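Single-structure report; data block below.
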Number of protein chains: 2
Amino acid sequence: MGRVTLQTIADHVGVSRMTVSNAFSRPDQLSANLRDRVLAVAEELGYAGPDPTARALASGTAGTVGVLLSETLTYSLTDEVAMAFLAGITDELAPTGTSLTLLSAAPQGDLVPARDVAIDGAIVYSCNPESSAVSWLMRRRLPMVFVDQAPAPGIASINIDDRQGARAAAQHLVDLGHRQVAIVTTGFAGEFGLLTDPLQATTAYTERQRLLGWFDALDAAGIPATVVRQRHANPDEIGYTAAQTLLGHGECPTAILCFSDAIARGVIRALQDSGLDVPDDVSVVGFDDNPISRRISPALTTVRQDVDAKGRAAASALTLAIDRAKTGPARRIRHLMLPTELVVRASTTHPPRTSSSSTAV
Amino acid sequence: MGRVTLQTIADHVGVSRMTVSNAFSRPDQLSANLRDRVLAVAEELGYAGPDPTARALASGTAGTVGVLLSETLTYSLTDEVAMAFLAGITDELAPTGTSLTLLSAAPQGDLVPARDVAIDGAIVYSCNPESSAVSWLMRRRLPMVFVDQAPAPGIASINIDDRQGARAAAQHLVDLGHRQVAIVTTGFAGEFGLLTDPLQATTAYTERQRLLGWFDALDAAGIPATVVRQRHANPDEIGYTAAQTLLGHGECPTAILCFSDAIARGVIRALQDSGLDVPDDVSVVGFDDNPISRRISPALTTVRQDVDAKGRAAASALTLAIDRAKTGPARRIRHLMLPTELVVRASTTHPPRTSSSSTAV
DNA sequence: TAATTGTTCTGTACCGATACAGTAGCGCCC
DNA sequence: GGGCGCTACTGTATCGGTACAGAACAATTA
């Protein structure tokens, strides 16, 4: 017994294959009566509808878009902020019926998802633009949107105002009177450890923008910052060990700026384990405004970004790019930048009085 | 200018289309020399490799598998436990080069992902087995694995020992001397509110198994339980409002069993907001052993399941089912049940002395 | 030397649909 | 009653590959 295809049904009903195809995909092309007959026979034969693969080839539409996630999927999937971003994407995609395929940036054996999986377009989220996965997507000339990455010519991009947010966070500490500030950050590549010139150590766009923002405010106030940079991994552990490094390294800072809320949680945990109080001994600022940051104790001062909106914007930009690729030559590409906002909660306050040397401004 | 295909390259190099195909997909079928020439020309022409869609049709392999997630993707994506499960899947899938496509169980317009997306198989995670999405997958005769669902004949399934875990949790409370116990649970359909016969109200497999387990221990001890059941939504809010319901409803329980850790967090928050101490006034038990449950205060007593192992098991069962579907007729289907384990932490203790009427056993 | 084996490349037949340009029949109108 | 415009359906070409069974030719074996 062969497989049931459009032709099988066509033969049974006594119509052309095309009519059966229309019965499924373009109901307005045939009489309701005939359509019902076709559908009935299909039902009877256990036909599940046009084969998606064949349909994809013939129509040039896969019905799914890819999301390229940084490095291993495992990390990304346990990152609440990244997942909230995905949720924003799927929300926006839902009405269009488009599905989402998770693409690992790391090649897996000799199969490269970015090269070998059928998709109509891709959202590239916080990836190394030089990675082979990204270049495969480009070679395929797939419609793309870059998110949390350096905007590239000809490719739509969505970013948040990392720099402004970071600046506001650092300025907040400066305004509170802090003069001994540390920074805890993370990345996939570059130098790690206690860094004197972190801007030299990193190429990742988001990290770089935040560093720039922090230094905008700190430099203006003449405040040098101790920077601890760690390889990307479990953020809680990163924060914990980074804080330990800071505590073991001479003078303890009175405030710590963190790359993310998740890292900030680890930092706070380490400080508390060392008997220090947050914020009375040390102030801590996060980034992202992870939903649980409001709930932890002390509630975290952080920089809010609207991750859901970012996801939606990415999805709609991609949908647009896909439509556009079909209809005609490219029109103007948009580079969107969403705002960020400092949210002051309970994890920051004035530096303790016993604070030692303070640099004059 | 037409698109660059295998034929284009074949013409340029002066070989057959088949040879070019082999150069990409079966390197052992041609001399290294010729292969290099082919690849060089492909590079020159900006050819990105065989079109995934066409390859999928011809070879019968899409290179991606679907995960059907309960109801809306939005909820699932913000569920740490579900995401850790996905991470387990992707880890196991990585070496095979297979990607993961997120399938919404809810139909979207007239496009039904479960019917219209090209996949080699599917993992059905905690879905209503009667849902149209599941029945589409079945009609397509796709290799499938059921996870956290009632095992079905002919379909591999992975479950955890929900019942045993729940029983252990409830027994723990009984052993501590609690005689006034409440249960907070959730589901997509059925009855909601204060329930007298919750087993009647729910058909969802996991929820049912946990209820059975809780009652195994409570019934044996002759302890009636107050059950609050809420429609699936933000778990923190579910827990919060459920606890409020319990507090407003006559006698306050001395212990609360929760469907998940996330819900337990909401419950604890509500209790604390009401000036009650956890565990001195009320003990709270969760389920899942969400990673952050260890970190919150008080550290949560819960039932541990190995979500990562569940994901891996699901992925490898699916890979097996896919291979099997290709090679020959089905062999024995496996129904796997992973263990659960009670983890006692700081959120449970003896009931307060002032506890009123206690039922004799 | 003839037979056997192996390597390397080719030709044809699909995979299962959709696109698009017809064609046939039919009611309508002046 | 011939031209016109609809609706309903069909035929052919095509989407871009892979599978599989050879063919051509050199190398090995008996």
Side-chain angles (χ1 to χ4, degrees), chain A residues 2-11 13-39 42 45-63 111 115-120 140-142 326-327, chain B residues 1-39 42 45-63 111 115-120 140-142 326-327:
Chain A
R3 188 164 156 183
V4 181
T5 71
L6 283 186
Q7 190 65 65
T8 319
I9 296 168
D11 293 346
V13 182
V15 293
S16 81
R17 177 172 71 226
M18 204 53 232
T19 298
V20 180
S21 172
N22 284 333
F24 283 97
S25 307
R26 299 167 63 183
D28 57 311
Q29 294 295 300
L30 41 73
S31 68
N33 196 316
L34 178 54
R35 175 163 196 247
D36 289 347
R37 257 168 58 217
V38 170
L39 261 34
L45 268 58
Y47 180 68
D51 180 275
T53 309
R55 190 211 283 257
L57 178 58
S59 71
T61 301
L111 284 188
R115 159 159 57 81
D116 298 327
V117 173
I119 46 178
D120 294 328
R140 284 173 71 179
R141 286 175 228 283
L142 281 171
K326 277 187 203 142
T327 58
Chain B
M1 57 141 245
R3 188 163 156 184
V4 180
T5 72
L6 284 185
Q7 189 67 63
T8 319
I9 297 167
D11 294 346
H12 272 251
V13 182
V15 292
S16 80
R17 177 171 75 222
M18 202 55 231
T19 297
V20 180
S21 172
N22 284 333
F24 283 98
S25 306
R26 300 166 62 182
D28 57 312
Q29 295 294 302
L30 68 162
S31 67
N33 196 315
L34 178 55
R35 175 163 195 250
D36 290 346
R37 256 169 58 219
V38 170
L39 261 34
L45 267 56
Y47 180 68
D51 180 274
T53 309
R55 192 212 284 260
L57 179 58
S59 71
T61 301
L111 284 187
R115 159 160 58 80
D116 299 327
V117 173
I119 48 178
D120 294 327
R140 284 174 71 178
R141 286 175 228 283
L142 281 172
K326 277 191 204 139
T327 58

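Computed from a prediction, not measured in an experiment: that's the story for all the values here. Just so it is clear: chains get the letters A, B, ... in the order the sequence lines come, proteins before strands, and each one is counted from 1.
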Can you check whether B:Ser25 has a side-chain N or O nearer than 4.0 Å to OP1 or OP2 of D:dT18?
yes
So B:Gln7, base contact, sugar-phosphate only, or nothing? Heavy-atom distance under 4.0 Å.
nothing
A:Arg35 near the nucleic acid: base, sugar-phosphate alone, or nothing, with a heavy-atom cut-off under 4.0 Å?
nothing
So, is B:Thr53 near the phosphate of D:dC15, with a side-chain N or O under 4.0 Å from OP1 or OP2?
no
Please round to the nearest 0.5 Å and tell me the distance separating atom CG of B:Asn22 and atom CG of B:Leu6.
10.0 Å
Sidechain-backbone polar pair: A:Asp120 side chain, A:Thr61 backbone, donor-acceptor under 3.5 Å:
no
Reckon B:Leu57 touches a base, only the sugar-phosphate, or nothing at all at heavy-atom distances under 4.0 Å?
base
Round to the nearest Å and state the distance from A:Lys326 atom NZ to D:dC15 atom C1'.
15 Å
Considering only heavy atoms from C-beta outward, does the side chain of A:Thr8 approach that of A:Val20 to under 4.5 Å?
no
A:Asp11 CG to C:dG16 C1', straight-line distance once rounded to whole Å:
14 Å
Whole angstrom is fine here: how far is it from CG in B:Asp51 over to P in D:dT18?
10 Å
Round to a whole Å and report the spacing from CD of B:Gln29 to P of C:dG6.
14 Å
Heavy-atom nearest pair, B:Val117 first then A:Gly63, reads CG2-O, 4.2 Å
Atom CZ of B:Arg26 to atom C1' of D:dA19: distance rounded to whole Å?
7 Å
Compare all side-chain heavy atoms of A:Asp51 with those of A:Thr5 and state whether any distance is below 4.5 angstrom.
no
OP1 or OP2 of C:dC15 sitting under 4.0 Å from any side-chain N/O of B:Arg55?
no
Name the closest nucleotide to the A:Ala54 side chain, picking from C:dG16, C:dT8, D:dT10.
C:dG16
Please determine whether a side-chain nitrogen or oxygen atom of A:Arg3 lies at a distance below 4.0 Å from atom OP1 or OP2 of C:dG16.
yes
Within the structure shown, what part of the strands sits under 4.0 Å from A:Arg17 by heavy-atom distance: base, sugar-phosphate, or nothing?
base
Just to be sure I understand the rule, does A:Thr19 reach a base, reach only the sugar-phosphate, or reach nothing, if contact means heavy atoms closer than 4.0 Å?
base
Taken to the nearest 0.5 Å, the spacing of B:Leu34 CG from B:Gln29 CD works out to 12.5 Å
Return whichever of A:Leu6 or B:Ala32 has its heavy-atom-nearest nucleotide of DNA chain C closer to the 5' end.
B:Ala32
In whole Å, what is the span from the CZ atom of A:Arg37 to the P atom of D:dA8?
14 Å
Atom-to-atom span, CG of B:Asp28 to P of C:dT7 - whole angstrom:
10 Å
At under 4.0 Å between heavy atoms, what does A:Phe24 touch on the DNA or RNA strands: base, sugar-phosphate, or nothing?
nothing
Report yes if a side-chain nitrogen or oxygen of B:Thr5 is closer than 4.0 Å to either non-bridging phosphate oxygen (OP1 or OP2) of D:dG16; otherwise report no.
no
Earlier contact from the 5' end, DNA chain C, for A:Asn22 and B:Met18
B:Met18
For D:dG16, take OP1 and OP2 only and decide whether either is under 4.0 Å from a side-chain N or O of B:Tyr47.
no
